[in-house]
Amino acid sequence: MPTDDPTYDHIYRELHTLLAEQLSAQQVIEPDSQLVDDLGLDSMRTMEMVMDLEDRLDIAIPLNMLPEVQTVDDLVKALQQVTA
């Protein structure tokens with residue numbers, strides 16, 4: 001599938017892959033997983049992940065979108081808006 005495909009599923013798979021690389025194998029990554037509370041991402045890890053996603057999806061994510069992002073699903077939907 002091309003990297004410029006803005007579908008929810010494509011973005012979710014890319015994000016899931018990145019999260020799986022950064023988290024322990026025991027952590028379950030679901031759309032409703034809280035980035036901080038459930039997955040334990042601090043602000044530095046979140047920013048690193050966002051930069052990796054920007055590279056993978058060839059997009060620029062406005063920083064003003066990030067404060068509203070709480071869950072994996074929130075982040076996927078924000079990325080979808082950017083790629084639309």
Side-chain angles (χ1 to χ4, degrees):
M1 186 172 284
T3 57
D4 59 352
D5 181 0
T7 66
Y8 182 94
D9 290 338
H10 175 73
I11 296 169
Y12 179 80
R13 281 193 307 272
E14 290 290 337
L15 178 57
H16 192 281
T17 299
L18 273 175
L19 287 170
E21 291 170 1
Q22 295 184 15
L23 303 173
S24 69
Q26 299 92 308
Q27 288 179 292
V28 178
I29 304 164
E30 298 289 340
D32 64 346
S33 296
Q34 297 281 324
L35 296 173
V36 174
D37 295 338
D38 297 334
L39 302 179
L41 295 181
D42 59 21
S43 58
M44 180 62 85
R45 287 176 75 189
T46 301
M47 286 306 300
E48 288 172 358
M49 182 186 59
V50 166
M51 289 187 302
D52 287 344
L53 281 168
E54 287 178 326
D55 290 342
R56 284 183 185 221
L57 299 171
D58 194 29
I59 59 172
I61 302 167
L63 293 179
N64 64 343
M65 292 181 98
L66 296 180
E68 299 170 14
V69 171
Q70 301 294 315
T71 66
V72 170
D73 183 64
D74 291 342
L75 184 52
V76 172
K77 287 177 180 175
L79 293 170
Q80 231 181 340
Q81 287 179 343
V82 171
T83 61

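Positions are given from 1, in the same order as the sequence printed here.
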Exercise for the section: Quick one: list whatever passes side-chain hydrogen bond (donor to acceptor under 3.5 Å, both in side chains) with Asp52, sequence neighbours left out. Expected result: none
Exercise for the section: For residues Leu79 and Tyr8, determine if any side-chain heavy atom of one lies less than 4.5 Å from a side-chain heavy atom of the other. Expected result: no
Practice task
Using the rule that two of Ile, Leu, Val, Met, Phe, Trp, Tyr join whenever any of their side-chain heavy atoms come within less than 4.5 Å, decide whether Val76 and Val28 are in one cluster.
Solution key: no
Fill in the blank from the handout: To the nearest 0.5 Å, atom CD of Gln80 lies from atom CD1 of Ile59 at 10.5 Å
Handout entry: Where Asp42 and Arg45 come nearest, the two heavy atoms and their spacing
Key = OD1-N, 2.8 Å
Practice task
State, yes or no, whether a side-chain contact exists between Thr71 and Glu30 at a heavy-atom distance under 4.5 Å.
Solution key: no
Practice task
Indicate yes or no: at least one non-hydrogen side-chain atom of Val72 is less than 4.5 angstrom from one of Asp32.
Solution key: no
Problem - From Leu75 atom CG to Ile61 atom CD1, the distance as rounded to the nearest 0.5 Å - result: 6.5 Å
Problem - Euclidean distance, Leu18 CG relative to Arg13 CZ, rounded to 0.5 Å - result: 13.5 Å
Practice task
Apply side chain to side chain contact (heavy atoms under 4.5 Å, CB included) to Leu39 and Leu19, showing your working.
Solution key: CA-CA 9 Å; Leu39 302 179; Leu19 287 170; 4.0 Å; yes
Exercise for the section: Work out which heavy atom in Val82 is nearest to a heavy atom in Pro62; give both atom names and the distance. Expected result: CG2-CD, 3.7 Å
Exercise for the section: For the residue pair Leu15 and Met49, establish whether any side-chain heavy-atom pair is separated by less than 4.5 Å. Expected result: yes
Practice task
Quick one: pull up CZ in Arg56 and CE in Met51 and give me the separation to the nearest 0.5 Å.
Solution key: 13.5 Å
Problem - Within one Ile-Leu-Val-Met-Phe-Trp-Tyr cluster: Val69 and Met47, side-chain cutoff 4.5 Å - result: yes
Exercise for the section: Measure the shortest side-chain to side-chain distance between Gln70 and Leu35 over non-hydrogen atoms and say whether it is less than 4.5 angstrom. Expected result: no
Completion exercise
Value for CG (Leu41) from CD (Glu48), rounded to nearest 0.5 Å, stands at 10.0 Å
Exercise for the section: For residues Val36 and Gln34, determine if any side-chain heavy atom of one lies less than 4.5 Å from a side-chain heavy atom of the other. Expected result: no
Exercise for the section: Answer yes if Leu57 and Leu63 sit in the same cluster of Ile, Leu, Val, Met, Phe, Trp and Tyr residues linked by side chain heavy atoms under 4.5 Å apart, and no otherwise. Expected result: yes
Practice task
State whether the number of non-hydrogen atoms from other residues, nucleotides or ligands found under 6.0 Å of Glu68 atom CD is greater than 12.
Solution key: no
